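Notes follow once the structure below has been shown.
None of these values were measured; they are calculated from a predicted model. The basis for the numbers below is simple: all heavy atoms, side chains too, and nothing from hydrogens, waters or symmetry mates. Below, read A as the first sequence line, B as the second, and so on, with proteins coming before strands; counting in each chain starts at 1.
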Amino acid sequence: MNTTEHNLKLYNSLKGQKEAFKPLHEGHVGMYVCGPTVYYDVHLGNCRTFVSFDIIYRYLQHIGYQVRYVRNITDVGHLTDDGEDRMAKGARVAQLEPMEVAQKYTVGFHDMMRIFNTLPPSIEPRATGHIPEQIQMVQDIIEHGYGYERNGSVYFNVRKFDRENPGAYGKLSGRVLDELLAESRDNLKSQDEKNDPADFAIWMKARPGDIMVWKSPWSVGFPGWHLECSAMSTKYLGQTFDIHGGGNDLKFPHHENEVAQNMGACGCAPANYWLHTNMLLLNSKKMSKSDGNFITPQDLFSGENDLMSKAYSPMVVKFFMLMAHYRSTLDLTDDGLLAAEKGYRKLMETNKLLQQLQPDARDFDGSESDTDRAILALIDEAYAGMDDDFNTAIALAALNEMGSYVHKLVNKQIDASEIAPWVIERLKTIFNLFITDIFGLRDEAGADNADGTVDGLMELILDIRKAAREQKDWPTSDKIRDGLAAVGIAVKDGKEGSSWTKN
RNA sequence: GGUAUCGUGGCCGAGGGGUUAGGCACAGGUCUGCAAAACCUGCUACAGCGGUUCGAAUCCGCUCGAUACCUCCA
């Protein structure tokens with residue numbers, strides 16, 4: 001597929017509007033996404049963001065771009081309210097080495113990303129693996145006059161940066177520096193070392209008891225939270241690259257400070273397009289670890305929670321996410337998931353039926369029918385949806401409508417001659433591409449059938465039932481159907497014989 | 001308090017000046033040994049009040065409500 005066939009538009013937080021996407025280098029995309037801080041189990045909100053960017057990554061590749069997707073692992077420098085490093089705190093609480101904590105939750109994070117069937121990024125750098133780069137960046141910032149040292153810590157001079165680069169600070173998050181300072185909730189925190197409350201640390205001197213520390217020209221200490229992303233995006237994608245993404249809640253201060261650091265270090269803006277995913281809500285409130293309003297993916301998958309009526313599988317949850325646009329908040333509810341479960345199963349079943357369809361060229365009467373045109377229009381609609389800021393909801397709606405044609409065809413409610421064989425072939429290809437390559441959905445029903453044993457057994461059973469039905473032996477026929485239902489297999493009788501699905 | 005976003009039918013959720021979103025649920029129908037599935041039909045909504053316009057759910061203003069951010073968060 002040629003990228004020129006698509007005029008991809010995306011919503012750029014930097015401009016506050018949708019823009020045509022123009023990569024720096026024809027055919028190539030550099031994308032950086034802020035990854036998780038690995039001090040605790042991932043929660044669903046994280047998952048939504050990474051699923052969203054996974055689909056963006058997949059789609060960019062699908063339409064022909066060569067993408068370098070960098071997503072970091074934050075394993076140092078992220079402070080809690082009381083000033084303790086998140087990693088160090090996690091380690092102290094669990095009596096582990098900080099690296100054990102990081103390793104444990106990194107593995108957990110990767111497992112979860114696999115469960116959601118997301119692709120691994122091209123590069124997944126760790127903050128602790130890039131201390132020299134971060135120290136170098138602090139030095140660059142100091143050299144450009146935007147950093148100052150105070151008792152071994154180094155701070156970014158936001159006021160000066162704002163003065164010399166009017167409008168640069170606050171552009172991304174839509175803030176005005178002066179208002180920010182005046183209205184900030186509690187700017188009276190112990191920040192005596194800073195010249196100005198808006199300044200932020202880029203290097204922090206270790207205090208007694210700190211365990212994650214490195215030597216630097218200023219002190220033994222550790223880098224500031226925002227610095228890692230600036231340093232690692234520069235290292236792997238260059239000083240200026242195409243797309244920078246992350247959750248909406250990182251827009252300020254994290255991303256704003258990132259921009260300032262990059263500009264402060266190299267004099268140029270880091271990313272041309274900033275993409276922000278919206279929050280996953282639970283009970284109409286932001287899902288958040290810190291205020292207890294969250295549900296773990298594990299509990300959602302197992303059904304062991306007080307919030308949902310039953311267990312929901314990973315692909316159902318992913319499908320639920322796809323039903324909404326990534327820039328909208330999404331409220332996780334039992335009803336919503338129930339609807340998603342039905343929708344997901346139907347879509348997968350439709351795909352299975354479609355892939356089994358054998359178009360018969362002899363049925364085709366040679367003319368282009370309304371049905372052909374309708375199906376081709378729906379394919380265009382699905383692509384148009386994705387081209388318009390990755391609108392999975394639109395694409396999904398188009399797939400559902402395509403699915404309606406598939407069933408009509410299978411049920412002989414429309415005649416095979418109404419659809420040209422090449423249209424069927426195209427439908428088969430595109431439908432499957434959307435489900436597997438673009439959305440990254442897996443058919444969970446077939447997951448335990450890798451060697452075909454179940455298929456073989458089912459064929460035999462349905463064969464016996466068919467024979468019984470031909471002899472109008474309803475008790476046997478119904479016994480088979482009820483027995484299968486008891487183990488979660490639904491038998492569906494159609495015009496062309498019976499099929500089955502596993503719930 | 002400041003800033004932003006949003007308020008869509010029973011539920012979830014797209015869209016965004018005139019033309020069906022889609023899914024789920026519900027009702028009726030077709031098919032079927034029965035059922036399920038599938039298909040068809042119905043339910044046609046945009047918080048409230050003003051304004052702009054030939055025309056507004058869509059643009060503007062105000063009101064109400066919700067959410068998010070304002071140096072912990074994806």
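Counting heavy atoms from C-beta outward, A/L337 and A/L300 have side chains that approach closer than 4.5 Å.
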For nucleotides 43-47 of chain B, give me every protein contact, N/O to N/O, under 3.5 Å, one pair per line with atom names.
none

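Taking atom C1' on both nucleotides, B/rU19 is separated from B/rA57 by 15 Å, rounded to a whole Å. For the P atom pair drawn from B/rC34 and B/rG29, the interatomic distance equals 14 Å after rounding to whole Å. Distance check on atom P: B/rC49 versus B/rG9 gives 16 Å, rounded to whole Å. The gap from the P atom of B/rG28 to that of B/rA37 amounts to 15 Å, rounded to the nearest Å. Going from the P atom of B/rC46 to that of B/rC62 covers 23 Å, rounded to whole Å. On the C1' atoms, B/rC12 is 25 Å away from B/rA4, given to the nearest whole Å.
Residue side chain A/R481 reaches the base of B/rA35 through a donor-acceptor N/O pair under 3.5 Å, judged by distance alone. Between the side chain of A/S328 and the base of B/rG13, no donor-acceptor pair under 3.5 Å is found. You won't find any donor-acceptor pair under 3.5 Å spanning the side chain of A/D331 and the base of B/rG13, going by distance alone.
Within 4.0 Å of A/H254, counting heavy atoms only, lies no atom of the nucleic acid at all. Within 4.0 Å (heavy atoms only), A/G45 reaches at least one base atom of the nucleic acid.
When the nucleotides B/rC39, B/rU71, B/rA74 are ranked by their closest atom to the side chain of A/N411, B/rC39 comes out on top. In this structure, the nucleotide among B/rG13, B/rA14, B/rG16 sitting nearest to the side chain of A/K18 is B/rG16. Looking at the side chain of A/D493, the nearest of the listed nucleotides B/rC34, B/rC40, B/rU71 is B/rC34. Side-chain atoms of A/T277 lie closest to B/rA74 of the nucleotides B/rA74, B/rU67, B/rA36.
Whole-Å rounding puts the A/F252 CZ to B/rA74 C1' distance at 18 Å.
Counting only residues at least two apart or in different chains, salt bridge (charged side-chain N to carboxylate O under 4.0 Å, His left out) contacts with residues 36-51 of chain A are absent.
Note on ring orientation: taking the six-membered ring where Trp is involved, the planes of A/F109 and A/F50 are perpendicular (angle over 60°, cut-offs 30° and 60°). Using the six-membered ring where Trp is involved, A/H244 and A/Y32 have ring planes that are tilted, between 30° and 60° apart.
With sequence neighbours excluded, the residues that form a ring-ring contact (aromatic ring centres under 6.0 Å, His included) with A/F161 are A/Y146, A/F156. A search for ring-ring contact (aromatic ring centres under 6.0 Å, His included) contacts involving A/H276 returns A/H255, not counting sequence neighbours.
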(request) Could you provide the dot-bracket string of RNA chain B, using ( ) for intrastrand pairs, [ ] for crossing pairs and | for bases paired to another strand, with Watson-Crick or G-U pairs below 3.5 Å? (result) (((((((..(((.....[...))).(((((.......)))))....(((((..]....))))))))))))....

(message) I'd like to compare against my own output: the B/S/- annotation of nucleotides 20-26 of chain B with a strict under-4.0 Å heavy-atom distance to protein.
(response) -BBBSS-

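Between the side chains of A/E228 and A/N72, a donor-acceptor pair is found at a separation under 3.5 Å.
In this structure, A/Y312 has its ring center at least 6.0 angstrom away from the ring center of A/F320.
In this structure, A/R150 fails the cation-pi test against A/Y155, since its NZ or CZ atom is not both closer than 6.0 Å to the six-membered ring centre and inside 45 degrees of the ring normal.
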